[in-house]
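All values derive from a computational prediction rather than experimental measurement. Note that ligands are numbered from 1 as they come in the structure, with each ligand's atoms numbered from 1 the same way. We're numbering straight along the sequence, starting at 1.
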Amino acid sequence: MSSSSAPGGLGGRTALVTGAGSGIGHACARTLARAGAKVHVVDRDAETARNTAGEIDGWAHVVDLADAEACETLPNEIDVLVNNAGLQHVAALHEFPPERFTLLQQVMVTAPFLLIRRCLPHMYARGWGRIVNISSVHGVRASAFKSGYVTAKHGLEGLNKATAVEAAPYGVTSNCVNPGYVRTALVEGQIEEQASRHSIAPDEVVERVLLDRAAIKELIEPDEVAELAGWLCGPHASHITGACLSMDGGWSAS
Ligand code: NAD
């Protein structure tokens, strides 16, 4: 199918989504597939990667993105790259395990750099490419006890801007999507941990701890993030580049 004949505008395009086995990445893979793209599903979890790929008739790649050599085995003829895989570690700075800090940077900054670097030549040759980096409100704001994550997401913001500036002459855009708290496994883990730490109910953790700084007191759904990511790859977004698009219920407005 040619790109113009696909209903979602991504017919004939190939996408790669990292961390597509679950949560936001899973939703992004489905959205891009619905728009007509063939999708490479990358995750370190074999079962969920294969499930997602099966669901959307895509290709599964079981890769640990913390391993730079493994990143170099991934396909590079990619038109739409979604750097989504991520993880959290909550600890006071003076107790933060250095190896966890390094891991967060490897998965959320180095792997996106390596994949962007790998995919750009193909995008340049076609004169078109879309890079979407799933950042966070923590790409523009800090929270206590999340130094590894906040550092990584701020790093991703820099990489996004540098990519946007350099790739613009070739028809390639690069943008960040910056959600607040989204209802995924990553957040469910934090809710459970905080509930037991403070001896309060999970609902109270969501309202009083997680959504304290957001004006809209609701968790975001993964599909909402995926729709924004998909829209950035569509025909009305060709002049949006180097942006960080907040979807944080007003958190960063306050
Ligand atoms: P999730 O835990 O549901 O999914 C993350 C996926 O990434 C998992 O399938 C996991 O296996 C994969 N992954 C993690 N480390 C990997 C590695 N080393 N190699 C390969 N795959 C790996 O989390 P999510 O909430 O969907 O998070 C997705 C992205 O969205 C992350 O970058 C996260 O920082 C960001 N984000 C999430 C929220 C939120 O509230 N959930 C908010 C803002 C930003």
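Qualifying ring pair (Phe, Tyr, Trp, His ring centres under 6.0 Å) partners for F101, counting only residues two or more places apart in sequence or in other chains: none.
Taking 4.0 Å as the cut-off between side-chain N and carboxylate O, E207 and K217 do not count as a salt-bridged pair.
The residues lining ligand 1, counting any heavy atom closer than 4.0 Å, are G19, S22, G23, I24, D43, R44, V63, D64, L65, A66, N84, A85, G86, V107, I134, S135, S136, Y149, K153, P179, G180, Y181, V182, T184, A185, L186, V187.
Residues S135 and G139 approach most closely at OG-CA, 3.8 Å, considering heavy atoms.
Around CD of E166, the count of heavy atoms belonging to other residues, nucleotides or ligands within 6.0 Å does not exceed 12.
For Y149 and H89, the ring centers sit 6.0 Å or farther from each other.
With P112 as the partner, the side chain to side chain contact (heavy atoms under 4.5 Å, CB included) test is satisfied by one option alone out of N84, I134, L156, V107: L156.
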